[in-house]
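Scroll down for the structure; my scribbles are underneath it.
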Amino acid sequence: MKKFVLVTGGAGYIGSHTAAALAERGYEPIIYDNLSEGHIEAADGRLLVIGDTADTLKLNELFKKYDFKAVFHFAAASLVGESVKDPAKYYTNNLSAALNLLSVMLNFGVKNIIFSSTCATYGNPVRLPMDEEHPQAPINPYGSSKLMAETVLKDYNAAYGLNYAILRYFNAAGAHPSLPIGESHRHETHLIPLALKTLIKGSGKKLTIFGTDYDTPDGTCIRDYIHVSDLADAHILAMEKLFADGGGFAVNLATGKGHSVKEIIDAVHFVTGLKVPVLTGERRAGDPPVLVAANTLAAHLLGFSPKYTDIHKIIQTAWNWEVNKRF
Ligand code: UFG
């Protein structure tokens with residue numbers, strides 16, 4: 001019997017890698033994506049239904065057609081800066097559309113959701129590394145919208161028996177090591193792809209380092225970069241945990257290792273043999289100096305440990321993708 005799972009946002013970056021991992025493990029991912037951020041090519045030949053999670057009628061049709069065992073909810077807006085300028089977009093996409101999806105799930109008796117959350121729900125760190133008990137005090141509407149959705153999931157679990165896995169990603173990076181999928185945002189804002197893009201012949205681009213006066217060893221911000229294939233694997237482990245035990249849990253997905261912006265630039269040089277042209281700029285609003293996770297709960301609950309523990313290997317996959325990009 002086919003094990004259908006719904007992957008909203010499955011034509012996006014993390015969603016497409018998870019859909020690929022699901023297919024590799026014998027599940028039947030049905031990708032549902034409005035293509036506002038996603039790409040048809042990222043579905044990589046898997047079944048893609050173009051639609052919005054706010055569209056109840058379309059979701060009803062889909063849930064009538066397939067007996068979903070679980071829903072992966074990736075479809076969301078995810079840029080901190082944009083969320084400050086346009087919070088309505090974030091509360092609409094990340095909260096209201098999620099509520100809609102949850103209603104359809106409950107109507108059809110689909111009880112398992114794997115939800116994409118973020119370290120942005122924690123806000124500024126009050127202790128490091130940040131574990132799951134760290135206070136959640138988001139400092140931007142993106143983090144707030146995700147935290148509100150987390151609260152909804154917990155309440156729905158208590159009231160309606162919905163099983164949930166809340167996965168709080170730190171910085172997703174890298175690309176699939178063999179399939180033609182990788183990171184491709186229409187408007188790129190992330191450090192690693194921006195650094196790599198400066199190295200493409202004739203790009204004429206430079207990377208601006210956002211702040212060199214942070215209270216960190218080299219003055220630049222430190223982040224915890226986790227490979228997208230590791231994220232995908234963790235999603236499947238989370239689903240299987242819900243199948244086995246039900247209930248609900250929230251875990252960080254991270255390597256537990258921090259790298260500064262300058263270290264990333266050096267690592268890009270090491271991997272590619274090319275020097276990233278850089279400019280020094282002002283701090284970017286809303287950037288905490290250090291975000292590094294405690295990742296032991298995911299190991300304990302899910303048996304998850306990231307395979308990519310070397311930043312060079314992560315960057316190597318991103319570079320392979322950047323030079324062979326199909327979309
Ligand atoms: N950076 C630069 N120059 C750039 C781009 C980024 O110096 O051109 C720096 C940023 O200031 C930051 C680091 O590189 O210190 C990483 O920035 P990214 O934009 O790649 O990633 P973020 O840490 O801002 O974003 C991640 C997730 C978000 C999440 C956020 C929480 O992608 O979804 O962490 O802070 F909300």
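Counting convention: from 1, in listed order, for ligands and their atoms alike. The chain is numbered in sequence order, starting from 1. The figures here come from the full heavy-atom set of this structure, side chains too, leaving out hydrogens, waters and symmetry mates.
- Tyr225 has its side chain within reach of Ile264: a pair of non-hydrogen atoms, C-beta onward, lies under 4.5 Å apart.
- Applying the ring-ring contact (aromatic ring centres under 6.0 Å, His included) test to every pair with at least one member in residues 38-67, sequence neighbours left out, gives these pairs: Phe4-Tyr66, His39-Phe327, Phe63-Phe68, Phe63-Phe108, Tyr66-Phe68.
- Residues satisfying the side-chain contact (heavy atoms from CB on, under 4.5 Å) criterion with Thr309, sequence neighbours excluded, are Lys257.
- The 4.0 Å heavy-atom shell around ligand 1 contains residues Ser78, Val80, Thr118, Cys119, Ala120, Tyr142, Asn171, Thr189, His190, Leu191, Leu194, Leu207, Thr208, Ile209, Phe210, Cys221, Arg223, Tyr225, Val261, Arg284, Asp287, Leu291, ordered by chain and number.
- With sequence neighbours left out, the ring-ring contact (aromatic ring centres under 6.0 Å, His included) criterion links Phe170 to no other residue.
- With salt bridges taken as basic N to acidic carboxylate O contacts below 4.0 Å, none links Glu188 and Lys197.
- Ion pairing of Arg283 with Asp213 is present here, as a side-chain N (NZ or NE/NH1/NH2) and a carboxylate O approach within less than 4.0 Å.
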